[in-house]
Each structure stands twice: as C-alpha cells, then as structure tokens.
Q: 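Just dropping this structure here.
Excluded from the calculations below are hydrogen atoms, water molecules and symmetry mates; all remaining heavy atoms, backbone and side chain alike, are included.
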Amino acid sequence: MRLCQCLSELEKYDRREKALTEQLAGYERVLSDYAREVEAGQVSVLDYLTVLRNKIQTERDALLMRTNRQLVIAAYNYWNH
C-alpha cells in the first residue's frame, strides 16, 4: 500500500516538474523580450521586475518540489527494504 502511494506521488512530482520547467523557460523568453523593450522604453522596469519576481518564486517552488520528491524517494526506499 505504501509503495503504491509513493509511486503515485512520484508520478505527480514528475508531471509537476515538467510543468515548472516549461514555465521557467517561458519566463526566460519573456524576460529576454522585456529586457529589449525596457531598453527601447516600451515597457516599464516595474513590469520587468514583476516578471522577474514571479520567475524567482517559480524557481523556489521547483526547488521545494525537488526536495519533497527526494523525501518520497527516501520513504519508498524505506518501505521497499
């Protein structure tokens, strides 16, 4: 029972990691575009900083998710042995 629960959680973490990776790539593209637009005066620095803050929060979320995934792996190994 516990092993199945751990495997299910690992699948969820894998899907979430893929989504966060795609989201971070999107932030990189937006920040690149915003940097050019800020230089041209088309976008405010505040908008750029807002996107940057969101990207940093997403990176924190990804790190926390990876940590929790490692805890599930440890639990799986515990119940498997």
Side-chain angles (χ1 to χ4, degrees):
M1 177 74 175
R2 298 249 187 207
L3 293 176
C4 289
Q5 182 182 9
C6 289
L7 291 174
S8 174
E9 287 183 45
L10 285 174
E11 286 180 29
K12 291 176 187 175
Y13 280 124
D14 289 342
R15 286 192 302 267
R16 176 112 169 101
E17 184 173 13
K18 182 179 177 186
L20 285 174
T21 301
E22 291 172 3
Q23 188 174 3
L24 286 170
Y27 278 128
E28 285 296 327
R29 287 189 300 274
V30 169
L31 286 171
S32 175
D33 292 343
Y34 270 29
R36 285 191 302 268
E37 291 176 7
V38 165
E39 288 178 13
Q42 296 173 340
V43 174
S44 75
V45 174
L46 186 59
D47 291 338
Y48 179 84
L49 291 176
T50 300
V51 174
L52 183 59
R53 188 176 305 122
N54 290 340
K55 178 185 176 262
I56 291 169
Q57 182 61 47
T58 303
E59 287 173 340
R60 278 191 216 135
D61 292 345
L63 182 60
L64 180 61
M65 188 265 319
R66 284 186 207 110
T67 302
N68 289 338
R69 185 177 185 280
Q70 291 299 319
L71 290 172
V72 171
I73 290 170
Y76 178 82
N77 289 335
Y78 174 80
W79 290 108
N80 199 28
H81 285 67

Q: Atom CD of Glu17 and atom CG of Leu24: how far apart are they, to the nearest 0.5 Å?
A: 10.5 Å
Q: Do Met65 and Asp61 touch side chain to side chain, with heavy atoms closer than 4.5 Å?
A: no
Q: So how far is it from Ile73 CD1 to Asn68 CG, rounded to the nearest 0.5 Å?
A: 11.5 Å
Q: Hey, what do you get for CD (Gln23) to CD (Glu59), rounding to the nearest 0.5 Å?
A: 10.5 Å
Q: Does some side-chain heavy atom of Lys18 sit less than 4.5 Å from a side-chain heavy atom of Thr21?
A: no
Q: In terms of hydrophobic clustering (I, L, V, M, F, W, Y; side-chain heavy atoms under 4.5 Å; direct or indirect links), are Leu20 and Val30 co-clustered?
A: no
Q: Enter the distance from Gln42:CD to Asp33:CG here, rounded to the nearest 0.5 Å.
A: 11.0 Å
Q: Any link between Val45 and Val51 through a network of hydrophobic side chains (Ile, Leu, Val, Met, Phe, Trp, Tyr) touching at under 4.5 Å?
A: yes
Q: Please tell me whether Tyr34 and Ile56 are part of a single hydrophobic cluster in this structure, the criterion being side-chain heavy atoms less than 4.5 Å apart.
A: yes
Q: Can you confirm whether Gln57 sits close enough to Asn54 that some side-chain heavy atom of one is under 4.5 Å from a side-chain heavy atom of the other?
A: no
Q: side-chain contact (heavy atoms from CB on, under 4.5 Å), that's the test. Do Gln70 and Thr67 meet it? Break it down for me.
A: CA-CA 5 Å; Gln70 291 299 319; Thr67 302; 5.8 Å; no
Q: Using side-chain heavy atoms (C-beta onward) and a distance below 4.5 Å, is Arg69 in contact with Asp14?
A: yes
Q: Could I get the full list of salt bridge (Lys or Arg N to Asp or Glu O under 4.0 Å) partners for Glu28, not counting sequence neighbours?
A: Lys55
Q: Report whether Leu49 and Leu31 are members of the same hydrophobic cluster (ILVMFWY, side-chain heavy atoms less than 4.5 Å apart, transitive linking).
A: yes
Q: For the atom pair CG (Leu71) and OH (Tyr13), what is the distance rounded to the nearest 0.5 Å?
A: 7.5 Å
Q: How long is the span from the CZ atom in Arg2 to the OH atom in Tyr78, to the nearest 0.5 Å?
A: 9.5 Å
